[in-house]
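We count ligands from 1, going down the list as the structure has it; atoms in each ligand are counted the same way. On a predicted model such as this, the values are computed, not experimentally measured, just so you know.
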Amino acid sequence: MTSSALRPDTGPVLRDFGGGPFGIYIHVPFCATRCGYCDFNTYTAGELGTSASPQSWMDALRGELRTAAEVFGALPGPQPDVSTVFVGGGTPSLLGGDGLAEVLDAVRANFTLAADAETTTESNPESTSPRFFERIREAGFTRVSLGMQSAAEHVLRVLDRTHTPGRAVAAAREAKAAGFDHVNLDLIYGTPGETDADLDASLDAVLAAGVDHVSAYSLIVEDGTAMARKVRRGELPAPDDDILAARYERIDARLATAGLSWYEVSNWAADDSARCHHNLGYWDGGDWLGAGPGAHSHLGGVRWWNVKHPARYADHVAEGGLPVAGWEALTAEERYTERVMLVVRLRSGLPLGDLDPAGRGAADRIVADGLARVDRDRIVLTARGRLLADAVVRELLT
Ligand SMILES: C[S@@+](CC[C@H](N)C(=O)[O-])C[C@H]1O[C@@H](n2cnc3c(N)ncnc32)[C@H](O)[C@@H]1O
Ligand code: SF4
C-alpha cells in the first residue's frame, strides 16, 4: 500500500475520527544496549551504524507529523484536540532533555494540544538526572514512566539491565522533586532466579519512592530474543505459571494496602488522575496517531503501521508521504473481538450489553465459576479472574 491510500480523496479508508479521545504515540527506536528479553523495535548505535541517527530520526519525525496533520486536517468535521501524548521506546531519555523538548515542540507545531493534555515520556533510570527531569518538566511533559523492573541486582543482571538497584527509585524521587506529580515505575516479575524476598524488596523500593502509578508485567520469553535462546539451551528455566500467579497476588495485595488500586490487570494507580489516560485510550477504542519507525495508528476503525527500520522509515518520509508499511479496515467482528479482549481487563468492566448472545452465555458461566462478578450491568474480573484473564477472554469469544 502507498500512503496515498490514507488520503480521503484517493483512498477508501479514513472517513473521520471515532469521536473518543485522540492521542499521539511517538516511537524512539534507540537503546544503549539490547536487553535479552526485549523484542521491541529498537536498535543500538552499533546495529544502526551510519544508516540512522537521533538527528535523522528527529528530522523524519517532524516530516511525518507535518504530513499526518495535513491528512487529518483534510478529514471532514472538526479535528479533536490531542488529549494525550506518549513518547515511548526504545529509550526516549537517550534523546536528553533538549531532544525530548524538541519532540513535544514538533507535536505542538502540527496539532493542538488540549489545555489539560497528559504528556508522558518513558525513561531509563541510567540516562536521567535531576537536570534532565527539570528540563522535560519545563518543556511541558506532565508524566514520567521509568523502567525499574526489579530492585535485586542479580535479577537486573539476568534481564541485562544496566542500572544499579537504587537508581530507579532515585530517578523517581528526582522526577518528583522536579515537579512531576505523575510518576510510574515498571516492574517485571517472575524472572528466573527471582525469589519472593526479591519481589518484596522491589515492592518496598517502589513504595518508598512514593510514585502514584505502577505497571507490573510477568516476564514474557519472546521468540527470537537472547533470553529465548538461553531458555531453549537449558541455561535459564522458563518462568513458572504457579510462581507468576503467586507473585501477581502478592503485588496486588501490597500495592492495594498502600493505596494503589488496579484499574487494568497489569496497572495500579493512586487515583483517577494518576491513571495512564493514553493507555486507557488504546484499551477503550480511542483514536491515535503512532509516529516513528514501526509505530501503529488507529483512526475510526482503520489501523495502519509504519515501516520498521529507522533508515527505511526516514527514506519514506523524505519521499513526501506517510511512512506506512500496511493497513487494515477492521471488520465489525474484529472490532468486537478487540473490544472484548481489552475492555474486560479494565476494572470499570465490560458492559454486558456489548456482548453478543454467545458472549452473554459465556459471561454467566464465568460469573458462576467465580472469575467475574456483575456490577451495574458490567462484567468485572475478580482477583482469580485477573489471574486467568486470557482464559476469560477466550471463553467470552467462543
Ligand atoms: C519496551 S520498554 C520501553 C521503556 C524503557 N526502554 C524500559 O525498558 O524501561 C517498556 C516496558 O515493557 C516491559 N517489557 C518489555 N519487554 C518485556 C517482556 N519480554 N516481558 C515483560 N515485560 C516486558 C518492561 O517492563 C519495560 O519497562
Ligand atoms: S531498554 Fe527497554 S526498550 Fe531498550 S532493549 Fe531494554 S527493555 Fe527494550
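Close approach to Gly90 involves these atoms of ligand 1, each under 4.0 Å from a residue heavy atom: 3 (C), 4 (C), 5 (C), 6 (N). For ligand 1 and Phe40, the ligand atoms under 4.0 Å from any heavy atom of the residue are 1 (C), 15 (C), 16 (N).
Note: Phe86 and Tyr25 have parallel aromatic rings, judged against thresholds of 30 and 60 degrees for the angle between ring planes. Ring pair Tyr248/Tyr189 is tilted by interplanar angle, where 30° to 60° counts as tilted.
Annotation: Asp223, atom CG; neighbour count of heavy atoms from other residues, nucleotides and ligands within 6.0 Å does not exceed 12.
Inter-residue side-chain proximity for Ser348 and Arg376 is flagged as unmet; no heavy-atom pair is nearer than 4.5 Å. Side-chain contact between Asn267 and Val214 is absent, with no heavy atoms from C-beta onward closer than 4.5 Å. The closest side-chain heavy-atom distance from Val28 to Leu95 is below 4.5 Å. Cys38 is not listed as a side-chain neighbour of Glu222, based on a closest heavy-atom distance of 4.5 Å or more.
Classification of Arg384 and Asp369 as a salt-bridged pair fails, no side-chain N sitting under 4.0 Å from a carboxylate O. Ion pair Arg135/Asp98 flagged as a salt bridge, since at least one NZ, NE, NH1 or NH2 atom sits closer than 4.0 Å to an Asp/Glu carboxylate oxygen. Checked for salt-bridge contact, Arg137 and Glu134 miss the test: no charged N lies under 4.0 Å from a carboxylate O. With respect to the salt-bridge test (charged N to carboxylate O, under 4.0 angstrom), the residues Arg373 and Asp375 qualify.
Clustering ILVMFWY residues whenever any of their side-chain heavy atoms sit less than 4.5 angstrom apart, transitively, puts Met341 in the very cluster that holds Val392.
Because its NZ or CZ atom is not both nearer than 6.0 Å to the ring centre of Trp283 and within 45° of the ring axis, Arg345 does not count as a cation-pi partner of that residue.
In terms of protein heavy-atom proximity, atom 20 (N) of ligand 1 is nearest to Ile220 N, 3.0 Å. Closest to atom 25 (O) of ligand 1 among all protein heavy atoms lies Gln149 OE1, 2.9 Å. Remark: minimum distance from atom 14 (N) of ligand 1 to any protein heavy atom is reached at Tyr37 CE1, 4.1 Å. For atom 13 (C) of ligand 1, the closest non-hydrogen atom on the protein side is Tyr217 CD1, 3.9 Å. The protein heavy-atom contact nearest to atom 23 (C) of ligand 1 is Ile188 CD1, 3.8 Å. Among all non-hydrogen protein atoms, the one lying nearest atom 21 (C) of ligand 1 is Ser218 O, 3.4 Å.
At least one heavy atom of Arg161 lies less than 4.0 angstrom from ligand 2.
Selection from Glu122, Arg161, Glu222 by nearest heavy atom to atom 8 (O) of ligand 1 gives Arg161. Between the choices Gly89, Gly147, Cys31, the shortest heavy-atom distance to atom 9 (O) of ligand 1 belongs to Gly147.
Inspection of the Ser145 and Glu122 side chains reveals no N or O donor paired with an N or O acceptor under 3.5 Å.
Only the side chain of Asn124 comes within contact range of ligand 1, with a heavy atom under 4.0 Å; no backbone atom does. When heavy-atom distances to ligand 1 are checked against a 4.0 Å cut-off, Cys35 has no atom that comes that close, whether in backbone or side chain. With a 4.0 Å heavy-atom cut-off, ligand 2 is reached by the side chain of Asn124 but not by its N, CA, C or O.
Taking a cut-off of 2.8 Å, the protein N, O or S atoms nearer than that to atom 8 (Fe) of ligand 2 are Cys38 SG.
Inclusion of Leu146 in the set of residues having an N or O under 3.5 Å from an N or O of ligand 1 is not warranted. Here's the thing with Asp186: one of its N/O atoms is less than 3.5 angstrom from an N/O atom of ligand 1.
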